Amino acid sequence: MKHYRQYINGQFVDSKSTSVIEILNPCTEEVISTISTGTVEDANHALEAAQAAQPAWEALPAIQRASFLHKMADVIRENRVFLAETLSKEQAKVIGLAQVEIDVTADYFDYNAGWARRIEGEIIQSDREKEHIYLHKVPIGVSVGICPWNFPFFVMARKVAASLITGNTCVIKPSSEAPNTVMEFADFIQKIDLPAGVLNFVCGAGRTVGNALSKSPITGIISLTGSVGAGQQIITAAAENITKVSLELGGKAPAIVCADANMELAINSIVASKVIFSGQVCNCAERVYVEDSIYDEFVEKITKKMSEVTVEDALTGTNADMSSLVSKAQIDKISEMVEFAKKEGAEVLVGGKRHEKFDRGYFYEPTLLTNVSQQSEIIQEEVFGPVLPVMKFDTLDEAIALSNDCQFGLTSSIFSENYNNIMRATNGLHFGETYVNREHFEAIQGFHAGWKKSGVGGADGKHGMEEYLHTRVVYAKYY
Ligand SMILES: NC(=O)C1=CN([C@@H]2O[C@H](COP(=O)(O)OP(=O)(O)OC[C@H]3O[C@@H](n4cnc5c(N)ncnc54)[C@H](OP(=O)(O)O)[C@@H]3O)[C@@H](O)[C@H]2O)C=CC1
Ligand SMILES: O=C(O)[C@@H](O)[C@@H]1OC[C@H](O)[C@H]1O
């Protein structure tokens, strides 16, 4: 069985800790690998290596830094099938989606390499004679990326690519649930001659390793993708040194379906958004608001669609829509939420319990609920699973108000063929992203950013790249 070690300063090293974390295949509950549990010392060692490597990395012309990002993309493509299988096994992502994640990650490195010649400053007119005001964009220094288990490979790249192209060095802490694919990548980058210390990987628990990385004075920016609780703890740790944070946290995405919507499109898009990776995606549709006049027809049709969702082993069920949840903790949390909703009067139209077809693993049935209230837990709290509650509305203003009545503000969607409805919704919804007549999934050149408790800062595109830059202003007087 494979054992992964820390990757610090260009080499794999043993942690001083002798304890290990066991990684399970969620579909079979079998242990598939172990990783050494990193310590606070390992975290500090990695930060010191990144700090030592940073000035020389920043001094390299950006186009040379870009060449390393292209090499990363190349090694990913050369090993794409192996990486997809590794990913599928460690977190029960259906193999087709795992392959998409690997391929998009390669594209992400290439895309970010493209910023090399486009990191731009400004020259501003001064109020004084013989003076120029120069605005420079400079790297922050050392970045820390703390990654989740749901898209562990892509989210790692989100943090690494933008950080490195802008001249920062980086320490990544993979999720203890799903570190394998990221650590295989560490093995590949060892072969591309990336200068030692530029990119480091420290595995271990968030509360120890993640906390040490977040509170160190060496760290210039911490980027987390994860839960609100982890975000709050990181803000607290970062407060010690007033370190910049970029947080992508939970979501509770509403999907609004108007009477004039293309119903087939709406149902296909919402179900796709709900079952992709078994609903364990921060921007998945988490609640649906349907206009009264089409509610009965919509519910009948979406019941049929949800009943047709196929559930299989992630690796072997090649045509399956979804697979096991990632862990016992996830299935326990989701089961409890659905049981609580039932007690409050929710009607279960599809699913509503663990999947009986499997005697091992963490399989939960695709689930459709009605008769839920706006104030219920199932409408207000993130489920992060294949559970879709549906409510009705009378007017679009009401649907927008219900959507906004929530602590989260990551993604949202509207299904309508009416231009005015679409414009009113896209202006009225208090969310970082709104999808019009399509499923919830973002593009690498967009900007993925939550409002309210969904986070601060953001990733992707030009604005995601600029997250890793300080602005320095020089007032240049001459005579
Ligand atoms: N926005 C999103 O995309 C995600 C949202 N979630 C939500 O969070 C719920 C729980 O999932 P969970 O895995 O526990 O998510 P967490 O937020 O706990 O984990 C995300 C990452 O943060 C790390 N971490 C946790 N606590 C700290 C801390 N105090 N300081 C620094 N780093 C920390 C974790 O480390 P480690 O786990 O290794 O200890 C992991 O690498 C899910 O059910 C879902 O609702 C989860 C994942 C992604
Ligand atoms: O962590 C999440 O759920 C999101 O950041 C997710 O990661 C990759 C997907 O494209 C995002 O929606």
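Small disclaimer: the values here were computed from a predicted structure and weren't measured. These numbers come from the heavy atoms of this one structure, side chains and all, not from hydrogens, waters or symmetry mates. In each ligand, atom 1 is the first atom listed, and ligand 1 is the first ligand listed.
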Original post:
Shortest non-hydrogen contact from Ala266 to Val257?
Top reply: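 Closest pair (atom of Ala266, atom of Val257, distance): CB-CG1, 4.1 Å.
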Considering the heavy atoms of [X], write down every atom of ligand 2 situated less than 4.0 Å from one of them.
X: Arg158; value: 5 (O), 7 (O)
X: Thr225; value: 1 (O)
X: His448; value: 4 (C), 5 (O)
X: Val281; value: 3 (O), 12 (O)
X: Phe154; value: 8 (C)
X: Phe441; value: 9 (C), 10 (O)
X: Val155; value: 7 (O)

**OP:** Could you tell me how the ring of Phe358 sits relative to the ring of His355: parallel (under 30°), tilted (30 to 60°) or perpendicular (over 60°)?
**Re:**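 Ring orientation, 0 to 90° scale: perpendicular.
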Would you please say whether a donor-acceptor pair under 3.5 Å links the side chains of [X] and [Y]?
X: Thr166; Y: Asn168; value: yes
X: Glu184; Y: Tyr4; value: yes
X: Glu312; Y: Ser323; value: no
X: Ser17; Y: Ser15; value: no
X: Gln445; Y: Asp460; value: no
X: Asp42; Y: Thr39; value: yes
X: Thr310; Y: Asp321; value: yes
X: Ser36; Y: Gln6; value: yes

So what's ligand 1 close to, N/O to N/O, under 3.5 Å?
from	atom 1	to	atom 2	distance (Å)
ligand 1	1 (N)	Gly226	O	3.2
ligand 1	1 (N)	Leu249	O	2.7
ligand 1	13 (O)	Trp149	NE1	2.6
ligand 1	17 (O)	Ser227	N	2.7
ligand 1	17 (O)	Ser227	OG	2.6
ligand 1	29 (N)	Gln233	OE1	2.7
ligand 1	30 (N)	Gly206	O	3.3
ligand 1	35 (O)	Lys173	NZ	3.1
ligand 1	35 (O)	Gly206	N	3.4
ligand 1	38 (O)	Lys173	NZ	2.8
ligand 1	38 (O)	Ser176	N	2.9
ligand 1	38 (O)	Ser176	OG	2.5
ligand 1	39 (O)	Gly206	N	2.8
ligand 1	41 (O)	Cys147	O	2.7
ligand 1	41 (O)	Lys173	NZ	3.2
ligand 1	43 (O)	Gln330	OE1	2.6
ligand 1	43 (O)	Lys333	NZ	2.8
ligand 1	45 (O)	Lys333	NZ	3.1
ligand 1	45 (O)	Glu382	OE1	2.8

**OP:** Identify the protein heavy atom lying closest to atom 4 (C) of ligand 2, giving its residue, its atom name and the separation to 0.1 Å.
**Re:** Cys282 SG, 2.8 Å
**OP:** Specify side chain, backbone, both or neither for Asn150, according to which of its non-hydrogen atoms lie closer than 4.0 Å to ligand 2.
**Re:** side chain
**OP:** Tell me, please, whether Phe277 has Lys93 positioned over its six-membered ring: NZ or CZ under 6.0 Å from the ring centre and within 45 degrees of its axis?
**Re:** yes
Subject >> Of the listed options Glu248, Gln280, Glu442, His440, closest to atom 11 (C) of ligand 2 (non-hydrogen atoms) >> reply: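 Shortest heavy-atom distance from atom 11 (C) of ligand 2: Glu442.
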